[in-house]
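Accompanying notes for the structure given below.
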Amino acid sequence: MIDDETVRHVARLARLRLSPDEEKVMREELSGILEHIDAIRAMDLDGVPPTTHVITLENVVRPDVPVPGLPREEALREAAHATDEGFGVPRMD
Amino acid sequence: MGLRDLTATGQIAAIRAGETSSEELVDAHLAAIGADDVDAFLAVDAEGARERAREIDAMPERPPLAGVPIGIKDALSVRDVVTTSGSRMLEGFRPVYTATCVARLEAAGAVVVGKTNMDEFAMGSSTENSAFKNTLNPWDHGRVPGGSSGGSAAAVAERQVPWSLGSDTGGSIRQPAALCGIVGMKPTYGAISRYGLIAFASSLDQVGPLARSVEDAALLLQHMVGRDPMDSTSLEWPGGIVAPTATDLSGMRVGVVEELMGEGIEPGVRAAIDAALGTVEELGGTVVPVSLPSALSGLATYYVLAPAECSANLARFDGIRYGPVAPAANLLDQYETTRGDLFGPEVKRRIMLGTFALASGYYDQYYGRAQRVRTLMGREFARAFEQVDLLASPTSPTVAFPLGDRTADPYAMYMADVCTIPVSLAGLPAISIPCGLADGLPVGLQLAGPAFSENALLGAAHALEGALAFDTRPPGLVT
Amino acid sequence: MSACEPVIGVEIHVQLSTRTKMFCGCELSFGDPPNTHTCPVCLAHPGVLPVVNEEAVRRALLIGLALGCEIAPRSIFHRKNYFYPDLPKAYQISQFDIPICGRGEFRALREDGSELVVGITRAHLEEDAAKLTHAGGRRAGAAESVVDFNRGGTPLVEIVTEPDLRSPSDVALFLRQLRQTLLFLGVSDCSMEEGSMRADANVSIRPVGSHEFGTKTELKNMNSFRFLERGIEAEIARQEEIVAAGGRVSQETVHYEPDTGHITSLRSKEESHDYRYFPEPDLVPIAPDPAWVEDLRTGLPELPLPLRQRMVGEMGLSAEDAEVLTEVPELVAYFMEAAAEADPKACANWIRGELRAQLREAGVEPWQSKVTPAHIAALVGLLDAGTVTVPAAKEVLAEVIASGEEPGAVIESRGLGAMDEGDLAAIVSEIVAANPDQAQQLRDGKDKVIGFFVGQAMKRTSGRADPQSVQRLVREAVRGD
């Protein structure tokens, strides 16, 4: 139902590293799940619009007025690699 | 009867009557947590709780919830208290803000004693997906408490706290409540602010109460509902939540969902539900069969939509701004290793499934279609509620299953939510109340109503609860 | 090989100069220390939710209305998913197939007076990414880049044009005039250098007369209209070369280096993205009240092109006057106030001429100086009435710049008023009498010598003589002898 190439492509899109074993298991499991999910592909949905929101609210906005944010120490507090210059990130090849 | 045997409402009354204090209550519950057999809690803040209890005891005017202790599912942010959402991806993470619903309860006088265990990122139906440990069912320690709010349910059933908060996306409050023999409710989508709830599936997630009585559930709801400027999808709630007092169901039409009473429902569960429906009639209600054909597509629809949304919601976990991070040679390596190592297998499965469902070439067939099935489902519910006031079904097709029973087959685990999912997809309120036993294990009856029907729903549940007189004390529990 | 024509479309990102970010209440700032304007929302902490900035919506509507766009009765937000350190949620909240503004059109005016019409495909709201800076790598084992989230979440309006542009110079013209319109709306600072306005070009070529589109490339990250223009020129040349050699243009992103003039392909570094767009579940639709939209439409300021056309057609200004005076809204307002009370053409001359020249040294704009539009109008009036001469008026202006005094008062206190005709005639007679040789030369037809007499008269009168009157009186005096 879903091949190795697709598994690898999706894992890359999701930035998940899967070991070769994990890839194999993932392919089997996803294929199994997709078999069940496929039921919806057979349904007659002609003319049925999609639901993007179950509630009917519209125009929820806030005024353009500043609200106090985080002091820098708190903004950086939980990060493994952060200094006053910013949040550290390794090089991008 | 000990203090812990009182419901939260009972404990509030006792405090107000001068029979006990918040500090005494908090101590009693902390002691129970300390002697814990069921591993319901991930983190306990004894010092903070005691301090807050003393503060409240010293107030000239007690706030409404009077200093009664509460457990909070670890999916909800509490400022400076380690919040992991059951995942190693957030191991040691201390939020810099508190979820709105928790803040409202704290302002009303609830005392947070700790964070409860859960399936990782709320994905699961047994709490076995927690990265840290299993939680045991107080009714049988060899069985699961349900999930994803398993810790919250077990803590209440075990009387470690009189009530707790959970979150429900496809059944994660109702199903564990049913398996643990307590009350659990998912309100109308938008009733309670999601600000501070670590997101799983944004269009489905809702916070809700777990408690030992409908009255308690209503009380928690009352102090949480209402618009939050920090959540664009939260609703005004004019009139609020009224304390339920009904004792009969005269005039109530209750529709039994045919598609959720067929094969797949355990005979023992079926029998308990039938008996409960008999009680509905004794109370003056009318029970009629109702058909919701799309309910059978609920699972498939849910397992496209929820993973799709979660794949985006969990993309922020990359170790850059918070949480642990894997050592890496470059950025791509850091993303892939951190996420590959720190997410558990179920979470990775759902991220993969969701990413696939949204990927170019697949969107129309999967995500696009699932959204349209959702419309169909909403229409069917609307039509059903023209015929009946409430819908009834089992909450869970089975009683609590043994630990390890379903961990090998993801879809078998997903089946646990077949009764609870349709209501989530439609954004409607539903409550599970314990209605009987099957093989000595609790069975939950689910009642659902139209959007905004919380008061009617709670009233009906309260009346039925009174007549069913289910004993929520697990065998062997010492209080 | 038939002749090729370039086909160019532009995507412009405009940072809105609101006070706060698009989806949270953090204050927008420029140049503050890193990560001092953040909150859990724009840091994408677990559990946070976006809430739309109402002023950003209003400004997006203004932009759409000014561009003649169809305003969507109901638009929604979408998530655009990709991983990058400057995007904390790993998705950008944007708008996909139902944007707030639909089809529209922009008219620009070329120098030769011809009109350039550019179709607008759409304009939509989204949030800006944070700032990723590549660190110097001073310390071994240190992070190679750092992220500052101050800018993350700034409201953006993305404007997309139809591929209607046919030359790099037209692109620059369009962008300059679009920028002017946006400045007039007061929605953004529109600075390419500061990054509050960014433009990317989609460039392709095709045989002249063809109606099909060639493969397009995307030219990004140019930080001035001039560099973008040159980059487009270079890219067109590159594509023409490829096609002339029998090859095919590949769809890719290209980068232009202004220093070297080189175009390089970025294709190897960028994979094509699958953004996996889906509707944003955390936000509800925007359905602006039609009455409100109508109010915004009627309340739009007069936009640069129609304004310039009115200045030329109704107020008698030259096209150049109009172009200069409509550079910025403040200058328009200044001029209009003056022109309401005195001859517009004269006001225009004085404002764009002498006033700006005198203020240039101080580096101050007319509306920042002590000279009010009323002062200009007064000065023009006094000149018109002959109360003061042009040279004297320049001195008066200098005084007003310094002191802010009324021109009339300055004329009085400094004695700069135009000379009485009779007094002037007397002085002229004296000068003519004192210079018989020059007088004779003038009689003999050496007209250039009139300048000598004018010079003398100006000296004698400290500039209070009107040169034209002096000339007339000198000729009369000389004839009279």
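Computed from a predicted structure; not experimentally measured. The sequence lines fix the lettering, A, B, ..., with proteins before strands; numbering per chain opens at 1.
Cation-pi geometry between C/K80 and C/Y277 is not met at under 6.0 angstrom from the ring centre and within 45 degrees of the axis. With C/F278 as the aromatic partner, C/R79 does not meet the cation-pi criteria of under 6.0 angstrom to the ring centre and within 45 degrees of the ring axis.
Using a 4.5 Å cut-off between heavy atoms, A/A14 touches chain C through its backbone atoms (N, CA, C, O) alone. Looking at A/D84, only its backbone comes within 4.5 Å of chain C, counting heavy atoms on both sides. Using a 4.5 Å cut-off between heavy atoms, C/R58 makes no contact with chain A at all. For a residue to count as touching a neighbouring chain, one of its non-hydrogen atoms must lie under 4.5 Å from one of that chain's; by this rule C/C24 touches chain A with the backbone only. At a 4.5 Å heavy-atom cutoff, C/P155 makes no contact with chain A through either its backbone or its side chain.
Of the residues considered (C/P281, C/P279, C/P34), C/P34 shows the highest number of contacts with chain A, using heavy-atom pairs under 4.5 Å. Comparing C/E55, C/E54, C/H37 by how many heavy-atom pairs each has under 4.5 Å with chain A, the most go to C/E54. Of all the listed residues (C/P288, C/A287, C/C39), the one sharing the greatest number of non-hydrogen pairs under 4.5 Å with chain A is C/A287. Between chain A and the options C/V51, C/I286, C/D289, heavy-atom pairs under 4.5 Å are most frequent for C/V51. Contact count versus chain C (heavy atoms, under 4.5 Å) is highest, among A/V54, A/I55, A/V67, for A/V67. Here C/L283 is the residue among C/V41, C/T133, C/L283, C/I76 with the most heavy-atom pairs under 4.5 Å with chain A. Of the residues considered (C/L28, C/T38, C/L132), C/T38 shows the highest number of contacts with chain A, using heavy-atom pairs under 4.5 Å.
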- Message: Checking C/S145 against A/M92 for the side chain to side chain contact (heavy atoms under 4.5 Å, CB included) test, could you report, in this order, the C-alpha distance in whole Å, the side-chain angles of both residues, the deciding distance, and whether it holds?
- Response: CA-CA 9 Å; C/S145 305; A/M92 287 156 252; 3.6 Å; yes
- Query: Would C/S188 and C/Q15 satisfy side chain to side chain donor-acceptor pair (under 3.5 Å), going step by step from the backbone distance to the final call?
  - Reply: CA-CA 6 Å; C/S188 167; C/Q15 267 187 358; over 6 Å; no
- Given side chain to side chain contact (heavy atoms under 4.5 Å, CB included), test C/F149 with A/F87 step by step and report yes or no. CA-CA 9 Å; C/F149 288 96; A/F87 293 86; 3.4 Å; yes
- Start with the C-alpha gap between A/L13 and C/R276, add the side-chain angles, then the distance that decides, and say whether side chain to side chain contact (heavy atoms under 4.5 Å, CB included) holds. CA-CA 10 Å; A/L13 281 179; C/R276 307 183 296 287; 3.4 Å; yes
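Counting heavy atoms from C-beta outward, C/C26 and C/K21 have side chains that approach closer than 4.5 Å.
Separation of the C/Y82 and C/Y275 ring centroids falls under the 6.0 Å cut-off.
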